[in-house]
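Since we're looking at a predicted model, the values are computed, not measured. Residue numbers start from 1 in every chain, and the chains themselves are labelled A, B, ... in the order their sequence lines are given, proteins ahead of strands.
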Amino acid sequence: MRAVHAKRRMAEAPVAARSDPAPVLAAAGREAKPSAADLLAWYDRHRRDLPWRARPGETAEPYRVWLSEIMLQQTTIAAVRPYFAAFLDRFPTVEALASASSEAVMSAWAGLGYYSRARNLHACARAVVAQHGGRFPDTEEGLRALPGIGPYTAAAIAAIAFGRPAAAVDGNVERVVSRLHRVEGDFAQALMDLGATICTPKRPACALCPWLGPCRARQAGLQENYPVKAPKREGLLRRGAAFVAVKPDGAILLRTRPPKGLLGGMAEVPTSEWRGDYDSAKAVLDAPFEARWRRAPGVVRHVFTHFPLELAVLVGRAAADAPAPEGMRWTSRAGLADEPLPNLMKKVLALALGEALPERPKAARRRG
DNA sequence: AACACGTGGGG
DNA sequence: TCCCCAAGTGT
């Protein structure tokens, strides 16, 4: 039986009223217009079952929808899955998240990347609790005013959690599409699934597409040429040195990065500056204290969005009672698990200590 | 209007 | 290995 909930009915009524040919014929016709009904019929059969998604007939929880949308910004579902589960377990409600410490939130996010999202997530949770009584605004405009929620995410949450007639694409496309088809409801999610499973960047599965007929790029055989991408510049390699100071009991010297910018608010071992012309042979000059620093073999390579980085790793022993230099702290080996260490720093520690740090569980491979 | 901002997986 | 990218936002 076809799963249809109230939101869908509202969405379909206007679509059915349009003057297009019947959907079945439309799908086959080469010159037919793309119909929302075709897309939604496909969605009924192929919708993905995702933890943050409501089952057919159920209502999505705004907290889950919001959390998933923030995590999914520039991030794949496979990467998000385990983090989403862990977050929900640790912060079951927006109130729990709002009252958590910044360190706890950053630690839970560590490894997911784009850490400004975590800072804004926390700020958003606190705003929802303090200014909205713990309820998310149910309009695009209200959502848009919250930290970390831009035009895309506001539309996505409004549509998915509140059934608003918002297409989660940029504002211009949304306006055109919504006027063209008078669609609403879960059109947004249907479009997302189509893009994720059929209309993929490479080798799109056109034969399975509900919009095979009307697709102009496919008709021309040029589907892989779209969308046209802007050329991106190559980031220049930067180098630096990282200093892993170890006490006899295994404690490691750490500090917290400035709240904004690259890896903002995350933990790190002290490092030199990262520069294109850095000379790691003179790295000792940048050490946090005097010691017999030993160079670990090899380097740590890491690629950020806009530049690659190579870090030399130096390991030094500190006395049991050595005080932490200004702005730094000693963290026990067990305490490392609670530190918001980005993957770059996990690589550094792994190389320095000759062992992998306890990793958070990764999601099982999953297709589609 | 550009640019900064992480990471892991697939081809 | 190398290159590309994946549900964008903030400045």
Side-chain angles (χ1 to χ4, degrees), chain A residues 48 50-53 60 64-84 106 109-121 123-124 143-161 166-171 173-174 186-197 199-204 224 227 229-238 257-266 268 274 300-309 340-347 359-368:
Chain A
R48 292 168 294 174
L50 301 171
W52 45 85
R53 208 120 100 164
R64 288 173 167 242
V65 173
W66 164 70
L67 180 60
S68 70
E69 286 299 334
I70 302 299
M71 287 185 166
L72 286 163
Q73 288 168 2
Q74 302 289 288
T75 308
T76 60
I77 285 177
V80 163
R81 275 183 188 274
Y83 281 85
F84 181 81
M106 297 309 286
W109 197 276
L112 240 200
Y114 284 133
Y115 298 101
S116 66
R117 293 186 295 174
R119 296 193 298 277
N120 287 328
L121 185 87
C124 182
L143 290 160
R144 180 69 185 79
L146 292 165
I149 299 182
Y152 174 85
T153 303
I157 298 173
I160 297 168
V169 291
D170 74 72
V173 174
E174 176 201 339
D186 49 15
F187 186 81
Q189 281 176 293
L191 220 40
M192 290 175 189
D193 279 15
L194 189 70
T197 64
C199 197
T200 49
K202 292 166 188 171
R203 301 188 59 78
E224 302 221 34
K229 309 170 299 184
K232 56 175 174 294
R233 283 181 311 298
E234 183 86 359
L236 263 41
L237 173 68
R238 300 183 202 179
R257 292 179 62 86
K260 296 195 171 184
L262 186 70
L263 304 175
M266 302 298 283
E268 67 175 2
W274 305 345
V300 165
R301 291 182 218 282
H302 194 75
V303 180
F304 291 105
T305 312
H306 49 300
F307 68 92
L309 174 68
L341 292 163
N343 275 13
L344 166 64
M345 288 300 147
K346 291 185 177 173
K347 291 183 195 174
E359 246 171 87
R360 76 181 63 246
K362 303 238 183 243
R365 286 276 188 83
R366 193 174 270 268
R367 41 187 296 277

Whole-Å distance separating the [atom1] atom of [X] from the [atom2] atom of [N]:
| X | N | atom1 | atom2 | answer |
| --- | --- | --- | --- | --- |
| A:Tyr114 | C:dT11 | OH | C1' | 15 Å |
| A:Gln74 | C:dC5 | CD | C1' | 9 Å |
| A:Glu69 | C:dA6 | CD | P | 16 Å |
| A:Leu262 | C:dG10 | CG | C1' | 15 Å |
| A:His302 | B:dG6 | NE2 | P | 9 Å |
| A:Phe304 | B:dC3 | CZ | P | 20 Å |
| A:Ile77 | C:dA6 | CD1 | P | 12 Å |
| A:Leu236 | B:dA4 | CG | P | 12 Å |

query: Does the ring center of A:His306 lie less than 6.0 Å from the ring center of A:Phe304?
result: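 Between A:His306 and A:Phe304, the centre distance exceeds or equals 6.0 Å.
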
Next item on the list: Compute the ring centroids of A:Tyr83 and A:Trp109, then answer whether they are less than 6.0 Å apart.
Entry: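 No, the ring centres sit 6.0 Å or more apart.
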
Checklist line | Sub-4.5 Å side-chain heavy-atom contact between A:Ile77 and A:Arg48 | finding: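 Side chain of A:Ile77 against side chain of A:Arg48, heavy atoms only: contact under 4.5 Å found.
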
Decide yes or no for A:Leu146 and A:Trp66: does some side-chain heavy atom of the first lie under 4.5 Å from some side-chain heavy atom of the second?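 Result no, sub-4.5 Å side-chain heavy-atom pair not found.
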
Which whole number of Å gives the distance between the [atom1] atom of [N] and that of [M]?
| N | M | atom1 | result |
| --- | --- | --- | --- |
| B:dT7 | C:dT11 | C1' | 23 Å |
| B:dA1 | C:dT9 | C1' | 15 Å |
| C:dG8 | B:dG10 | C1' | 22 Å |
| C:dA6 | B:dG6 | C1' | 12 Å |

- When you measure from the side chain of A:Arg301 to the backbone N and O of A:Leu309, does any donor-acceptor pair fall under 3.5 Å?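 Not confirmed, A:Arg301 side chain does not pair with A:Leu309 backbone.
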
Which part of the nucleic acid, if any, lies within contact of [X], taking any heavy atom under 4.0 Å across all strands shown: a base, the sugar-phosphate backbone alone, or nothing?
| X | value |
| --- | --- |
| A:Val80 | nothing |
| A:Leu121 | nothing |
| A:Gly261 | sugar-phosphate |
| A:Thr153 | sugar-phosphate |
| A:Lys260 | sugar-phosphate |

Is the distance from OP1 or OP2 of C:dA7 to the nearest side-chain N or O of A:Gln73 less than 4.0 Å?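 Indeed not, no polar side-chain atom of A:Gln73 lies that close.
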
Open item on the list: Is A:His306 close enough to B:dA4 that one of its side-chain N or O atoms is under 4.0 Å from OP1 or OP2 there?
Closed with: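 Result: no.
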
task = Could you check which of C:dG10, B:dT7, B:dG6 has an atom nearest any side-chain atom of A:Asn120?
result =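 Of the candidates, C:dG10 comes closest.
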
If only side-chain N and O atoms count, and only distance matters, is there a donor-acceptor pair under 3.5 Å linking A:Thr75 with A:Arg117?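 Present: a donor and an acceptor within the cut-off.
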
So which one's nearest nucleotide on DNA chain C is more toward 5', A:Arg144 or A:Ser68?
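Upstream on the strand: A:Ser68.
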
Upstream residue (5' side of DNA chain B) when A:Leu112 and A:Arg203 are each assigned their closest nucleotide: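 Taking each residue's closest nucleotide, the earlier one in sequence belongs to A:Leu112.
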
| Polar pair under 3.5 Å, donor/acceptor by atom type, side chain A:Thr76, base B:dG9 |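 Side chain to base: no pair below 3.5 Å.
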
